[in-house]
2 protein chains.
Amino acid sequence: MDGLNEGGGPLRADETAGEETCPPFDLNRFLPYLLNRAGSRLVEIFSEELRRRNLTLPMWRVMAVLWHKGEQRIIDLTGETSIEQSTLSRLLATMDGRGLVSRNRNRSDGRAVLVTLTTGGKELTAQLIPIALRNERAVQNGLTAEEIRFLHSMLRRIFDNSADLKP
Amino acid sequence: MDGLNEGGGPLRADETAGEETCPPFDLNRFLPYLLNRAGSRLVEIFSEELRRRNLTLPMWRVMAVLWHKGEQRIIDLTGETSIEQSTLSRLLATMDGRGLVSRNRNRSDGRAVLVTLTTGGKELTAQLIPIALRNERAVQNGLTAEEIRFLHSMLRRIFDNSADLKP
DNA sequence: CCGAGATAAATGCATTTGCATGTTATGCAA
DNA sequence: TTGCATAACATGCAAATGCATTTATCTCGG
């Protein structure tokens, strides 16, 4: 601030970056950046609990989806967890090996594998959910219930919008 | 729905999950899930443009931060990009090799490495920013400017809240 | 019923990632 | 100044990841 332009007069749009004809770019108003930052923090917090139980975040994501939606095909889990298909295939193999999930060929479609939580997997998940919800509440501290509902709906709208842009 | 409880009478809270004394868990109202879904979609959309330029998302994150905030130490970049330190160290080495950034020892602190965009890196960034902003607008389609500001401020508040929970 | 094309998983392989540790440089107290 | 704790990076190594491809199965028109 050189003492210029303090009266609030119009500024050239791309002054901050100072680079040819690139539009101004403010990270603090850039949705992907804000999403990534917030998401990574949440992950970081919860990871401690996961590590303590010898679990990884991708494992937890799978468990949460299976808990909430029940038996799923691998391909459906890719959509719900945002984990790539081959990665998920191998992840589920190790989770199976650890007794967290079971995998069974679909009787009516021999291509598909149906994944479900084992009893042990359910127990672990039931143990983690309260912690996850507690973290969620802590992180939402200061937000009203209405604000939170609004936030959720905005995130869903963004997700839906971006679905159209995918292919 | 067996035709029971249709009158809207009170339901036991944890009926959905059907598991002992675990609180109800609805993914569609679970912030980490919604954040991850939205974030992953944005990544997915933009990744196409990155691949076309032989870049990765972590590279873009670094470039965006350097563009916006100028010369940074590696340790500062870890905070801004949510990329782990050793990963970042190696990523910057390859970005240096490709002429995207330059790395120089800090004169006043011989431990630190100062990273900055090269001319080539700036050009690529300047090329990508308009695309990133266009995607952002597309994904925010249907949201008012006020709603977007509100969303941003909520994400920042969540980020700040979670800072306190980190250690 | 057959065969081409599509779908769901699994696998090969090179790259990336993250934890633990090593290396060099600072800061600071005694 | 020396010595020691700390900070910033780099690196070794095992594990995770993603792309491309393969394998098995299903669909459907002919």
Side-chain angles (χ1 to χ4, degrees), chain A residues 36 39-40 43-48 50-62 66 71-98 100-116 166-167, chain B residues 36 39-41 43-62 71-98 100-116 167:
Chain A
N36 180 50
S40 295
V43 164
E44 204 173 338
I45 292 171
F46 195 53
S47 289
E48 171 58 23
L50 294 175
R51 195 163 24 236
R52 193 169 297 163
R53 289 164 176 79
N54 200 25
L55 295 173
T56 64
L57 187 80
M59 287 179 185
W60 156 250
R61 287 191 170 138
V62 168
L66 291 177
E71 191 175 58
Q72 297 282 305
R73 301 181 306 165
I74 293 182
I75 202 162
D76 298 323
L77 287 175
T78 67
E80 292 295 322
T81 61
S82 308
I83 300 172
E84 198 268 342
Q85 184 267 318
S86 69
T87 302
L88 194 46
S89 172
R90 278 180 277 232
L91 174 63
L92 290 169
T94 78
M95 290 179 73
D96 190 342
R98 291 202 202 170
L100 298 171
V101 300
S102 63
R103 297 175 296 164
N104 300 291
R105 283 281 160 196
N106 188 341
R107 290 182 168 269
S108 59
D109 183 345
R111 296 168 299 181
V113 170
L114 294 177
V115 185
T116 181
K166 250 211 323 178
Chain B
N36 179 51
S40 296
R41 270 291 168 77
V43 164
E44 204 173 339
I45 292 171
F46 195 53
S47 289
E48 170 60 23
E49 292 291 339
L50 293 176
R51 195 163 23 235
R52 192 169 298 163
R53 289 163 177 79
N54 200 24
L55 295 173
T56 65
L57 187 80
M59 288 178 184
W60 155 250
R61 289 193 169 135
V62 168
E71 190 175 58
Q72 297 283 304
R73 301 180 307 164
I74 293 181
I75 202 164
D76 299 322
L77 287 175
T78 68
E80 292 296 322
T81 61
S82 308
I83 299 173
E84 197 269 341
Q85 184 267 318
S86 69
T87 302
L88 195 46
S89 172
R90 278 180 278 232
L91 175 62
L92 290 169
T94 77
M95 290 180 72
D96 189 342
R98 291 202 202 168
L100 298 171
V101 300
S102 63
R103 296 174 296 165
N104 301 292
R105 282 282 161 198
N106 188 343
R107 291 182 168 270
S108 58
D109 183 346
R111 298 169 297 181
V113 170
L114 294 177
V115 186
T116 181

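Order of the sequence lines sets the chain letters (A, B, ...), proteins ahead of strands, with each chain counted from 1. Only a predicted model underlies this, so the values are computations on that prediction, with no experimental measurement involved.
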Evaluate the side-chain proximity of [Y] to [X]: yes if any heavy-atom separation is below 4.5 Å, no if none is.
X      : Y      : answer
B:R41  : B:E44  : yes
B:L114 : B:R105 : no
B:V62  : B:L88  : yes

Identify each atom pair where a protein N or O and an N or O of nucleotides 19-23 of chain C are less than 3.5 Å apart, giving names and distance.
| unit_1 | atom_1 | unit_2 | atom_2 | d |
| --- | --- | --- | --- | --- |
| C:dC19 | N4 | B:S86 | OG | 2.9 |

Heavy-atom nearest nucleotide on DNA chain D for B:D76 versus A:S108: which residue maps closer to 5'? B:D76

Along DNA chain D (nearest heavy atom to each residue), the more 5'-positioned of A:P58 and B:S89: B:S89

Figure out the [atom1]/[atom2] separation between [X] and [N], and round it to whole Å.
X     : N      : atom1 : atom2 : result
B:R98 : C:dT15 : CZ    : P     : 11 Å
B:L91 : D:dC9  : CG    : P     : 14 Å
A:L92 : D:dA16 : CG    : C1'   : 14 Å

Tell me which one of B:R61, B:Q72, B:Q85 satisfies side-chain contact (heavy atoms from CB on, under 4.5 Å) with B:L77. B:Q72

Annotated protein contacts, base or backbone, on nucleotides 1-8 of chain C with a non-hydrogen cut-off under 4.0 Å, one of B, S, - each: ------BS

All salt bridge (charged side-chain N to carboxylate O under 4.0 Å, His left out) counterparts of B:R73, not counting sequence neighbours: B:D76

